[in-house]
Participant: 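One structure is given below, represented as structure tokens, and several questions about it will come after.
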2 protein chains.
Amino acid sequence: MGVRKERSASTLAALKEAAKEQFVERGYLNTKITDITRAASRATGSFYEHFGSKDDLLRALEQDMYRQAGESLSGQHPADHDLTDAVQLRAHVAAAWETMRDNLPVVVALHESAIVGGSEPAYAWQNLADGTRVLREHLEFLRDRGHHLPGDPELIAAAMGAMLSGLGYALLRAGGAGRSDEEVIDGLTALLLAGLQG
Amino acid sequence: MGVRKERSASTLAALKEAAKEQFVERGYLNTKITDITRAASRATGSFYEHFGSKDDLLRALEQDMYRQAGESLSGQHPADHDLTDAVQLRAHVAAAWETMRDNLPVVVALHESAIVGGSEPAYAWQNLADGTRVLREHLEFLRDRGHHLPGDPELIAAAMGAMLSGLGYALLRAGGAGRSDEEVIDGLTALLLAGLQG
DNA sequence: GTCTATACCGGGATAGAC
DNA sequence: GTCTATCCCGGTATAGAC
């Protein structure tokens, strides 16, 4: 995603690439349409030939991400996973972290967009609860099997999700700040594991 | 902070109150200067008699918060606290949560402002690391005493901070979504405690 | 489809009367 | 200090030539 001398074949693709570049560098909210077109070496007007607005572009990128991430993100994910098992918990943390890392521009943009998106006070919570639905289901599965959890599944799932997304947003945008993915994934797993075991 | 029929004695105070009202309702970024003046039943121009900009107002509110919160927030906080002790950890979680709750408008505004504030990619991380300095020092204190932590103090502190602030922002803006402070504080404490004990 | 030029507008900020 | 009226700018979006 560095500086490309050769023009991309399609302007659509060039705009998407440029947008991703800019979202990481400047953040989504700080990126202007003209920043994107300039980075793509295209005229301002061309943007609107392909997208109706910046939000429209973001939704397109979001779809691209879901499509390429396949079922692991959007698809149905079996609820019968045991998060009190070190291996399984680590796998979930790793999957989330790596997805964020591999789709950082879109993750960053969605994170920021969610803040401005809804004016209603409850919007952020709704968003967080929705985004951690799978996690919540895993916890409910455990609870229904008689396991003792540190708190209500929805709450604990939201807390874990806030941790993941907040840390990911900050740390990954900073290029990891010299930390390996391994270190982060292991640290988060170790921090959460014992608490989930109750 | 409800609808006040009587005009506040001072316009300065009225603007601050109105701003806090609006920040919770609309979010900081979505609040226009005119939203604030209208809510305070003052003219647009009056705003600039008291503040140079919206950010200037936020800084004033931030100072108010620090002043009234006293040393517990801004002041020096002894590093020799044992976060692996259930009572002490709970006290820290409770203090953070209650501070967020009691200063929700400012917390919301600062949270959003931090996103737009710095354009540099590393800004958010810097911010998070700074905001969890005290927590990090507690963890370093433990490590230096030979305690085994789930990961690097700065990383773990940042993770805990992201969880607290992310959850606080979302849940408190939603009015708690029917949850008591107790439930949240107990849940977070239970989730983190065992992991910190190693 | 892409370009240049420009219209348009929200919203921050100011001028000047009271 | 507060008001009304207005300016002004950044940024989105469009018009129309190529």
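Throughout, protein chains are lettered first and strands after them, A, B, ... in sequence-line order, and every chain is numbered starting at 1. The structure presented is a predicted model; accordingly, all values stated were derived computationally and were not measured.
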Participant: Would you mind telling me which residue lines up with the more 5' stretch of DNA chain D, A:G45 or A:K32, judged by nearest nucleotide?
Facilitator: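 The 5'-side residue here is A:K32.
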Participant: Which of the following nucleotides, D:dT12, C:dC3, C:dA13, is nearest to the side chain of B:T44?
Facilitator: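 Nearest listed nucleotide: C:dA13.
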Participant: For the side chain of B:K20 and the backbone of B:L61, is there at least one donor-acceptor N/O pair under 3.5 Å apart?
Facilitator: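 No: the side chain of B:K20 does not pair with the backbone of B:L61.
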Participant: Calculate the interatomic distance between B:R26 atom CZ and C:dG11 atom P; express it in whole Å.
Facilitator: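 In whole Å, C:dG11 P and B:R26 CZ are 10 Å from each other.
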Participant: Taking CG from B:L29 and C1' from C:dG10, how many angstroms apart are they, rounded to a whole number?
Facilitator: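 Distance, rounded to whole Å: 16 Å.
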Participant: Could you check how far CZ of B:R38 sits from P of D:dT4, rounded to whole Å?
Facilitator: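 Atom CZ in B:R38 sits about 14 Å away from atom P in D:dT4.
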Participant: Heavy atoms from C-beta onward define the side chain here; which of D:dA13, C:dG12, C:dG1 lies closest to that of A:E49?
Facilitator: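 In terms of side-chain proximity for A:E49, the closest of D:dA13, C:dG12, C:dG1 is C:dG1.
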Participant: Identify whether the distance between the nearest side-chain nitrogen and carboxylate oxygen of A:D64 and A:R67 falls below 4.0 Å.
Facilitator: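 Judged by the 4.0 Å cut-off on N to carboxylate O distance, A:D64 and A:R67 do form a salt bridge.
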Participant: According to a strict under-4.0 Å criterion, is B:S53 in side-chain N/O contact with OP1 or OP2 of C:dA13?
Facilitator: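 B:S53 to C:dA13 OP1/OP2: no side-chain N or O under 4.0 Å.
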Participant: Measure from CD1 on A:I33 to C1' on D:dT14 and round the result to the nearest Å.
Facilitator: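 From A:I33 CD1 to D:dT14 C1': 13 Å.
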Participant: Closer than 4.0 Å, any side-chain N/O of B:T11 to the OP1 or OP2 of D:dT2?
Facilitator: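 It does, given that an N or O in the side chain of B:T11 lies less than 4.0 Å from OP1 or OP2 of D:dT2.
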Participant: Side chain of B:Y48, heavy atoms from C-beta onward: which of D:dT4, C:dT14, D:dA13 has the nearest atom to it?
Facilitator: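 Comparing D:dT4, C:dT14, D:dA13 against the side chain of B:Y48, the answer is C:dT14.
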Participant: To the nearest angstrom, how far is A:I36 atom CD1 from D:dG11 atom P?
Facilitator: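 Rounded to whole Å, this separation is 13 Å.
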Participant: Mind telling me whether A:H77 and A:H81 have parallel, tilted or perpendicular rings, with 30° and 60° as the class edges?
Facilitator: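 Correct class here is perpendicular.
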Participant: State whether A:S46 places a side-chain N or O below 4.0 Å from either non-bridging phosphate oxygen (OP1 or OP2) of C:dG1.
Facilitator: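 Answer no for this pair, as no side-chain N or O of A:S46 is under 4.0 Å from OP1 or OP2.
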Participant: Check the distance between C:dA13's C1' and B:L57's CG and give it to me in whole angstrom.
Facilitator: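 The distance from CG of B:L57 to C1' of C:dA13 comes to 15 Å, rounded to the nearest Å.
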Participant: Would you check if the side chain of B:N30 reaches a backbone N or O of A:V116 as a donor-acceptor pair within less than 3.5 Å?
Facilitator: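 Answer holds: yes.
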Participant: Separation of B:F47 atom CZ from D:dC3 atom P, in whole Å?
Facilitator: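 Result: 14 Å.
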Participant: Expressed as a whole number of angstroms, how long is the span from B:L12:CG to D:dT2:C1'?
Facilitator: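 Distance, rounded to whole Å: 14 Å.
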Participant: Mark yes or no for whether B:T132, through its side chain, and B:L135, through its backbone, hold a donor-acceptor pair below 3.5 Å.
Facilitator: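 Checked: no pair found.
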